[in-house]
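Worksheet for the structure shown next.
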Amino acid sequence: MLTALCLALCAPPAAAQDHPSPVTQAHPPIISDSDFDSALPSLDQTTAPPPGTPGELPPTVTKPAATPETPATSLPPVTASDDSELDAPLPPLAGYDVSPLPAASAPVVVAQISYTTDVTGLKDAGVASQFKDLSALETGKGKAANIAMVRARASEDEALILRLLNSRGYFDATVTTTLKPAPDPNRPVRAKLVAVPGPLYHFGLVAIDANPTEPPDLIRNALPLAQGDAIVADTVLAAEANVSVVMQQTGYPFVKVGARDIALDPTKDTGDYSLHVDTGQRSRFGGFRTDGKPAFSAAHVGELTRFSRGELYDNRKVNDLRDALVATGLFRSVSVEPVATDQKAPDGSDYVDLLVHQQAGPVHTLAAEIGYSTGEGLTATGSWQNRNKFPPEGALILTGALGTQQQSLTTTFRRSNAKKRDRTFQLSATASHNIYDSYEAYTTGISGTVSRSSTPLWQKVWTWSYGFDVEASRESNNLSHNATTLWQDYYYTDFPVRIGYDRSNDLLNPTTGYRLASQTTPQVSLSNGGSNVSEILDASSYYPVGQKLVLAVRGRIGTLLGGSLADIAPSRRLYAGGGGSVRGFAYQSLGPKDASGNPTGGLSVVEASIEARYRIGDIGIVPFIDAGQAYASATPNFSNLRVGVGIGARLYTNFGPIRIDIATPLDRQKTEPLLALYVGIGQSF
């Protein structure tokens, strides 16, 4: 209709085409407005109007009225069709195969291109190796899906180079990247990055914004940055970290190193540096607090410290306390942090308490081990302990040993850190049966010691112990076990004292330094009223030769003064031979012998050893020579020294080396073993 209207409105009359009327001539309207509006269809009309002739208005169409029986919006009724298939119900979905189509078996092949990387300008700036480790192009190993990927990697490396150069003080650095596609598709694309570092910037002024400290130059001395030094990021970060460390070691537990500011001057290639430091209040050690699931009280925490109330706060001593707490073995987790108080020290500084966050762990331990050595036979040992049966740190330990030549049962109470750090009190009751070539003994006893000893977690320079030992034993050195076997009862009270000095670098695997030890044991016989004194001196030293070889030497000398050999129980005499003594010989087999050829023990002993410990990774080879002898006199005469030679293997672990030694005696006698085997943990000395 609109097209017809347009044609009607736009086409000029035939008479006017050849004779146009003047502009001023008036023309009557072709159609009036009212007739035009009436010719428009109704908005409610849903059927197309009938076609009309051009220029003719269509008739008005009206919608027929709906009858009540058949509403205008109702659908006609559904009637059955003549096709039975159309009237049949749809099949159920279960009848269809809904399994997914199988995946394509052929692998998807992604096209790849190769490329080469050429980077210049980094070597003199000292960042070439760092770039190689972090480069996206280098990580791609010369392969990419397409040249767009190569371009993306090159863009990453541009930013990386700028960061690296800035971190080294080159703040005006530029990087140019070019990608040169290969004319031959089989040849690699060339990625070239050219870096121009520019001038190296140096520190101008170095300023610190902080409250006054004691001493006044504390922060400046702790910040090792000077005018004229290159502005290197690693140096700046390390210097700022050093400020925090030093201040926490000199009385400022709550120090906070704030933001730095470096104002660059491109005209001078310098940067003025300033650092804000919130010092916090100068503080001294106060008391102790604890929370969480405690293994022991805050009062016992105070006994583990190496400082006193009122000492200037030092973070190193706090770390030492945390290590001591960990070494107790009673925690799942434990931490220590300073807590501010409102208490003031006489000099105006604050007291800070140490808050210990405790999470107590399991206290029971069940352990077992098995070992073998020639002369001592096979021995299995098991133990059970409750490490905190009697808090704080009061352990109850049951230990049993079952072997071919020794059986024992021991009950021990041990109090660690007894009223003082590193001091241990121990009380034990023991019953044992020992059968050796030198004697057989049934022994019961009670002993007590107070000691300061080294452990694998805490090696100490000075160690000591003193105590008592009350012992009753029935012993015989006549091992024929016939009707004439002589048994004798012995009753002793001993007061052993031991002092050790250790300057070695490791408890189980020393490679440098030396060790000295002295053990003096006054012995009083309750059976015959006699007394004697046992004195044993030990020394060892360790000399590294290169990176893989350590020469280790050891010596021992001992004597029993104040009694005859017959008056001293066989188990208390001095012997030589076996692991830890002279390897290659049976345990306690060297020294005076009776008519049957069994060793009787002596009143003096001398031993010496040398080892060459060669290590390759976690494996070690150790050739060694041992020498020694026991003598019937109280003074060793160094005659008739017996020598054993052998070789050992070491497997180095995180808890110490596992040792296996095989040795043979020189000038071997008929009763002596051809080979002797020794297995243990740790070096032999």
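For the numbers below, each heavy atom of this structure counts, side chains included, while hydrogens, waters and symmetry mates do not.
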### Query
Would one find more than 12 heavy atoms of other residues, nucleotides or ligands at under 6.0 Å from atom CD1 of Ile625?
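For Ile625, atom CD1 is not crowded (no more than 12 foreign heavy atoms under 6.0 Å).
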### Message
If you count every heavy atom of other residues, nucleotides or ligands that lies below 6.0 Å from Lys389 atom NZ, does the total exceed 12?
### Response
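Incorrect, the count does not exceed 12.
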Using modelled atom types and a 3.5 Å cut-off, is there a donor and acceptor pairing between side-chain atoms of [X] and backbone atoms of [Y]?
X      : Y      : answer
Thr290 : Val356 : yes
Thr463 : Ser454 : no
Ser333 : Gln359 : no
Arg414 : Thr424 : no
Glu672 : Pro665 : no
Gln629 : Gly591 : yes
Gln459 : Thr455 : no
Asn532 : Leu560 : no
Thr559 : Ala634 : yes
Arg387 : Pro362 : yes

Check whether any side-chain heavy atom of [X] lies under 4.5 Å from a side-chain heavy atom of [Y], and answer yes or no.
X      : Y      : result
Glu607 : Asp626 : no
Leu565 : Arg573 : yes
Ile621 : Ile647 : yes
Leu677 : Ile660 : yes
Phe288 : Leu304 : no
Thr520 : Phe495 : no
Arg554 : Arg515 : no
Arg421 : Asp320 : yes

Non-hydrogen atoms of [X] and [Y] that approach each other most closely:
X      : Y      : answer
Trp464 : Val450 : CZ3-O, 3.6 Å
Val497 : Tyr466 : CG2-CB, 4.2 Å
Gly251 : Leu312 : CA-CG, 3.8 Å
Pro510 : Ser504 : CB-CB, 3.9 Å
Gly644 : Val582 : N-CG1, 4.3 Å
Trp458 : Asp323 : CZ3-CB, 3.5 Å

Quick one: is the NZ or CZ of [X] closer than 6.0 Å to the six-membered ring centre of [Y], and within 45° of its axis?
X      : Y      : result
Arg642 : Phe585 : no
Arg415 : Phe390 : no
Arg615 : Tyr652 : yes
Arg613 : Phe685 : yes

### Trp487 vs Glu440, side chain to side chain contact (heavy atoms under 4.5 Å, CB included): CA-CA, chis, key distance, verdict
CA-CA 9 Å; Trp487 292 90; Glu440 180 178 2; 3.7 Å; yes
### Task
Take Thr399 and Ser383 through the test side chain to side chain donor-acceptor pair (under 3.5 Å) and record every step on the way to the result.
CA-CA 4 Å; Thr399 305; Ser383 65; 5.0 Å; no
### Query
Do Tyr542 and Tyr514 have ring centroids that are under 6.0 Å from one another?
no
### Aromatic contact, Phe296 with Phe331 (centres under 6.0 Å)
yes
### Query
Taking the inter-plane angle between the rings of Tyr439 and Tyr436 on a 0 to 90° scale, is it parallel (under 30°), tilted (30 to 60°) or perpendicular (over 60°)?
perpendicular
#### Entry: side chain to side chain contact (heavy atoms under 4.5 Å, CB included) evaluation trace for Ser473 with Tyr492
CA-CA 9 Å; Ser473 64; Tyr492 279 98; 5.6 Å; no
### Message
Checking Thr521 against Gln519 for the side chain to side chain contact (heavy atoms under 4.5 Å, CB included) test, could you report, in this order, the C-alpha distance in whole Å, the side-chain angles of both residues, the deciding distance, and whether it holds?
### Response
CA-CA 7 Å; Thr521 307; Gln519 179 162 322; 3.7 Å; yes
State whether [X] and [Y] are salt-bridged, where the test is any N-O pair (Lys NZ or Arg NE/NH1/NH2 against Asp/Glu carboxylate O) under 4.0 Å.
X      : Y      : value
Asp661 : Arg659 : yes
Asp353 : Arg309 : no
Asp422 : Arg306 : yes

### Task
Establish, from distance only, whether the side-chain atoms of Gln683 and Asn509 form a donor-acceptor pair under 3.5 Å.
yes
#### Entry: Candidate pair Gln488 and Leu486, rule side chain to side chain contact (heavy atoms under 4.5 Å, CB included), full reasoning
CA-CA 7 Å; Gln488 188 169 350; Leu486 298 177; over 6 Å; no
